[in-house]
Amino acid sequence: MKSKEHLNLYHYTFVQTAIGWAPAPAGLHVKLDNGETLAAEFVAADTLRLRISRQGRFPDRPSEAVCAAWRPEAGDFTVAPEHADGAAAPAAVVLANAALRLRVGLAPFSIEVRRADGSLLLASAADASGRSLAYGELNDAFALVRRCAPQDAFYGLGEKSGSFNRRGRRFTLWNTDVLNPTSAGTFTAHRTSDDPRSCNTGVEFDPFYVSIPFFYHHPAGEAALAGFFVDNPYRGEFEFDDHEVYRIGFHGGAYDEYIFAGPAMPAILARYHALTGHMEPPPLWALGHHQCRWKNYDEAGVRRLAARYRESGIPCDTLWLDIDHMDGYRVFTWDRSRFPDPRGLIEELNDDGFRMITIVDPGVKFEPGAGNPVFESGLRDDLFCRTAGGAPYVGQVWPGKTVFPDFSLPEARAWWGRLNAEHVRSGLAGIWNDMNEPATGDVPEGAMRFQRGAAPHERYHNEYALLMAMGTVEGLRAVMPELRTFVLSRAGSPGIQRYAANWMGDNLSRWDHLALGFPMGMGLSISGQPFVGADIGGFAGDTHAELLARWYQAAAFTPFFRNHNCSGHRDQYPWSFGPAYEALIAEAVRLRYRFLPYLYSAFIEAAETAAPVQRPLVYAYADDPATRDLNDQFLCGPDLLVAPVLQAGASSRAVYFPRGEWLSYEDGHRAAGPALRTVAAPLERLPFFVRAGAVVPLWSEIPATTKGHHPELIELLLAVPEAEGEWVSVLHEDDGLTFARREGACLRTRFTVRRAGGHLSLEIATEGSGYAEHRRKGFTLRLLGGESLRGAKLTVDGRETALDGLRLTDAVRRVEFLGAPGSCPA
């Protein structure tokens with residue numbers, strides 16, 4: 001059953017004619033019949049920016065999404081009228097460069113964007129009477145209606161529930177404290193019980209914590225995609241449920257959109273990242289296993305937890321403390337009755353290879369005259385959000401009555417940064433930003449205003465978490481300038497990847513929530529946030545043994561890997577369900593650590609090129625229609641295909657293999673795609689597969705922690721291809737902690753595999769100046785699926801040798817298998 005219409009366009013006034021146009025320094029200006037101006041400009045050869053003024057003005061900076069350092073490069077273009085046959089007056093004006101062509105129809109007003117080859121990116125719609133629906137306004141709101149075909153696919157928009165392909169649904173962009181009945185009730189109250197979005201714990205509830213108005217349009221039957229980013233931080237509506245049109249609306253702000261020609265998803269995402277900024281490479285330890293629990297730990301309890309991990313042999317890098325570590329939930333404090341010596345505890349844990357992270361909420365306890373320095377300094381310097389009447393806005397969160405920093409003010413962000421800097425002087429490794437939608441409890445958020453009361457809540461609501469993260473990172477960099485920062489945020493908006501990772505908030509200990517995390521994670525990944533993950537085991541509710549084991553397996557190749565659950569529910573530590581399940585979970589964690597060299601290299605690639613760590617298959621196989629609706633499997637980096645088990649009691653599952661050869665990590669069994677096959681998936685196994693031709697770097701020895709782990713040997717897992725071709729893989733190595741890699745203190749090794757008939761070669765080329773902690777002296781080589789090489793002669797740099805125990809020193813440049821029996825298919 002359809003829900004109440006989000007965008008009721010009946011009262012909107014749509015522009016019908018363009019009454020004049022003129023070339024502009026970077027493109028084209030078109031005067032509209034509502035008195036406003038459409039500005040079109042090329043900001044890159046394959047990227048077009050469209051804006052429409054508000055009250056005759058174009059905002060200089062609609063949001064904090066676009067990097068301040070970014071500069072457009074318009075390049076060469078032409079502006080020319082287009083005449084209908086025999087007509088004296090032009091019917092349209094055309095802005096074009098070598099890659100794109102914008103056609104603005106004058107009467108009726110319309111917008112069409114095509115690539116130079118004629119393929120369509122965008123076409124505005126009209127109603128049955130021919131009335132233009134290209135751009136309409138109602139008070140502070142605006143709306144756009146565009147054409148599409150019934151089988152077109154749409155992806156993106158950040159953190160969204162349901163299918164990875166957004167087709168057939170409507171979405172709201174408004175950061176929401178999902179499990180809070182007051183904030184979620186805004187979106188559930190008007191829905192009928194048979195609407196899947198009527199329940200905030202359902203797997204189709206919308207909206208969630210992270211709102212990113214960036215999406216892809218994938219026309220049916222085509223490999224080419226187009227990308228669209230609306231730079232607007234206000235509440236937005238995207239409706240993809242109509243057969244012939246899709247609708248976009250925002251409740252305030254100006255229309256400002258970037259259109260990316262692509263046509264491949266990687267090219268679109270790279271352009272989006274050029275605008276909104278790349279993720280900084282995280283510290284290596286942040287890729288390890290994290291243990292978190294909302295629980296009233298004390299120092300002795302934390303020590304027992306750390307000791308239990310080391311005794312169990314289960315790797316763990318980071319211990320987290322939730323809100324109960326604070327004094328009355330006052331931010332930047334410790335409960336000294338439970339934590340009399342935080343610095344000493346953190347130092348002790350660090351000696352054992354653990355980092356520690358604590359939660360920091362934006363809500364500051366409202367307690368005039370109580371001597372709370374955070375409250376008093378913020379009040380004194382007028383750094384809290386106000387109401388329209390000028391008083392500090394007061395909400396109701398964990399400390400009780402709370403006020404909220406006005407992060408729209410640079411001086412408030414700087415103040416918050418100093419508070420964080422002082423907080424981490426105890427030795428904390430990073431900061432966890434929660435409740436930053438902003439969550440205000442059962443007090444409505446709308447009365448919270450920004451810019452000392454001058455700006456409405458709607459302007460900064462979706463950006464609140466981004467602005468908070470900006471201040472947090474500024475503080476961390478001040479106190480530890482040589483170290484990479486790590487901040488985890490619940491909420492976010494475009495650009496959040498520059499400052500923080502995101503986890504997917506308060507999920508539930510249910511099979512359907514385990515499954516929900518994969519399309520949601522892939523959606524975030526292609527929306528510009530590479531560092532994402534869901535709470536292992538589920539945050540709220542009671543998990544059970546099989547669910548926890550499968551969740552650990554499924555999460556082993558997701559970017560963020562943290563066990564976290566709620567106070568008052570069953571324990572879900574790796575050992576909570578007995579030795580048999582502890583062994584299964586330990587194996588999943590060890591698998592994660594074994595692949596850390598590969599994962600770290602994928603993170604470096606994400607930071608440099610925007611390629612996601614967790615990738616939907618359509619990212620690499622947009623020409624394969626079967627990849628559009630895959631929700632339960634993904635690519636980890638370029639070379640691993642992961643197909644987790646997401647159902648209770650399952651011992652097998654169907655896996656779709658895209659084109660090429662894929663080898664089971666478990667036994668080297670080979671599958672050729674495109675094909676759908678059923679594979680075995682007993683409880684002790686995560687089905688995942690290595691792309692033939694890939695060289696995957698692995699740690700041979702599994703450390704208890706990444707701290708100080710710089711092995712002398714890296715294992716190379718070569719997935720032997722049977723088909724002829726060439727494949728390239730990359731290993732990146734650096735100190736994993738500092739910014740020294742920026743100055744070249746790293747090593748990058750390129751592995752090139754070539755197969756021609758019975759001849760297989762591996763070429764190894766390393767560049768870089770190295771780094772002080774580097775200990776690697778070479779590689780060991782292991783073949784996966786090497787049956788076709790039986791009987792082949794193995795040479796290393798031309799010298800014949802044996803495969804058993806083969807060790808490749810750093811000087812080795814070429815490994816060859818010559819004269820294998822038979823020949824390989826082309």
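Basis for what follows: all heavy atoms, side chains included, without hydrogens, waters or symmetry-related copies.
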Less than 3.5 Å apart, which donor and acceptor atoms pair up between the side chains of residues 762-772 and the rest of the protein, not counting sequence neighbours?
{"from": "E763", "atom 1": "OE1", "to": "R754", "atom 2": "NH1", "distance (Å)": "3.2"}
{"from": "E763", "atom 1": "OE2", "to": "R754", "atom 2": "NH1", "distance (Å)": "3.0"}
{"from": "E763", "atom 1": "OE2", "to": "R814", "atom 2": "NH1", "distance (Å)": "2.2"}
{"from": "T766", "atom 1": "OG1", "to": "T749", "atom 2": "OG1", "distance (Å)": "2.9"}
{"from": "S769", "atom 1": "OG", "to": "G744", "atom 2": "O", "distance (Å)": "2.6"}

From [X] atom [atom1] to [Y] atom [atom2], the distance as rounded to the nearest 0.5 Å:
{"X": "R355", "Y": "T706", "atom1": "CZ", "atom2": "OG1", "value": "5.5 Å"}
{"X": "E800", "Y": "E816", "atom1": "CD", "atom2": "CD", "value": "12.0 Å"}
{"X": "L789", "Y": "L794", "atom1": "CG", "atom2": "CG", "value": "9.5 Å"}
{"X": "L718", "Y": "S729", "atom1": "CG", "atom2": "OG", "value": "8.5 Å"}
{"X": "Y600", "Y": "H732", "atom1": "OH", "atom2": "NE2", "value": "5.0 Å"}
{"X": "H273", "Y": "Q497", "atom1": "NE2", "atom2": "CD", "value": "5.0 Å"}

Specify the closest pair of heavy atoms between [X] and [Y], including all atoms of both residues, with the distance to one decimal.
{"X": "A626", "Y": "L630", "result": "O-CG, 3.5 Å"}
{"X": "F531", "Y": "P559", "result": "CE2-O, 3.4 Å"}
{"X": "P574", "Y": "I314", "result": "CB-CD1, 3.6 Å"}
{"X": "C67", "Y": "R498", "result": "SG-CD, 3.6 Å"}
{"X": "P282", "Y": "L287", "result": "CG-CD1, 3.6 Å"}
{"X": "I268", "Y": "G262", "result": "CG1-CA, 3.4 Å"}

Under 3.5 Å: donor-acceptor pair, side chain of [X], backbone of [Y]:
{"X": "Q614", "Y": "V532", "result": "no"}
{"X": "D623", "Y": "A223", "result": "no"}
{"X": "T627", "Y": "Y621", "result": "yes"}
{"X": "E582", "Y": "Y573", "result": "no"}
{"X": "K707", "Y": "N350", "result": "yes"}
{"X": "R741", "Y": "G736", "result": "no"}

Are any of the side-chain heavy atoms of [X] and [Y] separated by less than 4.5 Å?
{"X": "Y619", "Y": "P638", "value": "no"}
{"X": "Q291", "Y": "L305", "value": "yes"}
{"X": "V645", "Y": "L686", "value": "no"}
{"X": "L488", "Y": "H290", "value": "no"}
{"X": "T472", "Y": "Y499", "value": "no"}
{"X": "V690", "Y": "L640", "value": "yes"}
{"X": "L760", "Y": "P721", "value": "yes"}
{"X": "V642", "Y": "Y665", "value": "no"}

With sequence neighbours excluded, give me every ring-ring contact (aromatic ring centres under 6.0 Å, His included) pair touching residues 693-727. W699-H709
Residues which pass salt bridge (Lys or Arg N to Asp or Glu O under 4.0 Å) with [X], listed by chain and number, not counting sequence neighbours:
{"X": "D797", "answer": "none"}
{"X": "R776", "answer": "E733, D810"}
{"X": "D624", "answer": "none"}

Output all residues satisfying side-chain contact (heavy atoms from CB on, under 4.5 Å) with [X], sequence neighbours left out; order by chain, then residue number.
{"X": "C292", "result": "W320, W432, R562, H564"}
{"X": "A44", "result": "D46, T47, R271"}
{"X": "E587", "result": "R590"}
{"X": "T738", "result": "L483, D735, A740"}

Please list, one pair per line, the donor and acceptor atoms closer than 3.5 Å that link side chains of residues 671-679 to other protein atoms, with sequence neighbours excluded.
none

Show your reasoning for whether side-chain contact (heavy atoms from CB on, under 4.5 Å) applies to V613 and S525. CA-CA 8 Å; V613 177; S525 291; over 6 Å; no
May I ask you to decide whether [X] forms a salt bridge with [Y], counting only side-chain N to carboxylate O separations under 4.0 Å?
{"X": "E661", "Y": "R755", "value": "no"}
{"X": "R484", "Y": "D734", "value": "yes"}
{"X": "E280", "Y": "R742", "value": "yes"}

After noting the C-alpha distance and the side-chain angles of W285 and L737, does the key distance pass the side-chain contact (heavy atoms from CB on, under 4.5 Å) rule? CA-CA 8 Å; W285 58 262; L737 290 173; 3.7 Å; yes
Residue of the set F634, W662, F595 for which ring pair (Phe, Tyr, Trp, His ring centres under 6.0 Å) holds with F688: F595
Could you walk me through whether R303 and L345 satisfy the side-chain contact (heavy atoms from CB on, under 4.5 Å) test, starting with their C-alpha distance in whole Å, then the side-chain angles of each, then the deciding distance to 0.1 Å, before giving a yes or no? CA-CA 8 Å; R303 289 189 177 95; L345 173 66; 3.9 Å; yes
Looking at residues at least two apart in the chain, or sitting in another chain, which of them share a ring pair (Phe, Tyr, Trp, His ring centres under 6.0 Å) with F779? F751
Take atom CD in E482; do more than 12 heavy atoms of anything else shown fall under 6.0 Å from it? yes
Flag yes if more than 12 heavy atoms outside E726 fall under 6.0 Å of its CD atom; otherwise flag no. yes
side-chain contact (heavy atoms from CB on, under 4.5 Å) between R691 and L641: does it pass, once the steps are laid out? CA-CA 8 Å; R691 185 194 306 274; L641 174 64; over 6 Å; no
Can you give each donor-acceptor pair under 3.5 Å made by side-chain atoms of residues 550-558, sequence neighbours left out, with the distance rounded to 0.1 Å?
{"from": "R550", "atom 1": "NH1", "to": "Q553", "atom 2": "OE1", "distance (Å)": "3.0"}
{"from": "R550", "atom 1": "NH1", "to": "P682", "atom 2": "O", "distance (Å)": "3.3"}
{"from": "R550", "atom 1": "NH1", "to": "R685", "atom 2": "O", "distance (Å)": "3.1"}
{"from": "R550", "atom 1": "NH2", "to": "A650", "atom 2": "O", "distance (Å)": "3.1"}
{"from": "R550", "atom 1": "NH2", "to": "A681", "atom 2": "O", "distance (Å)": "2.8"}
{"from": "R550", "atom 1": "NH2", "to": "P682", "atom 2": "O", "distance (Å)": "3.4"}
{"from": "Y552", "atom 1": "OH", "to": "H289", "atom 2": "NE2", "distance (Å)": "3.0"}
{"from": "Y552", "atom 1": "OH", "to": "N563", "atom 2": "ND2", "distance (Å)": "3.0"}
{"from": "Q553", "atom 1": "NE2", "to": "L683", "atom 2": "O", "distance (Å)": "2.8"}
{"from": "T558", "atom 1": "OG1", "to": "A555", "atom 2": "O", "distance (Å)": "2.8"}
{"from": "T558", "atom 1": "OG1", "to": "F560", "atom 2": "O", "distance (Å)": "3.3"}

When you look at Y593 and F561, which way does the ring pair (Phe, Tyr, Trp, His ring centres under 6.0 Å) test go after all the steps? CA-CA 11 Å; Y593 277 70; F561 188 60; 7.6 Å; no
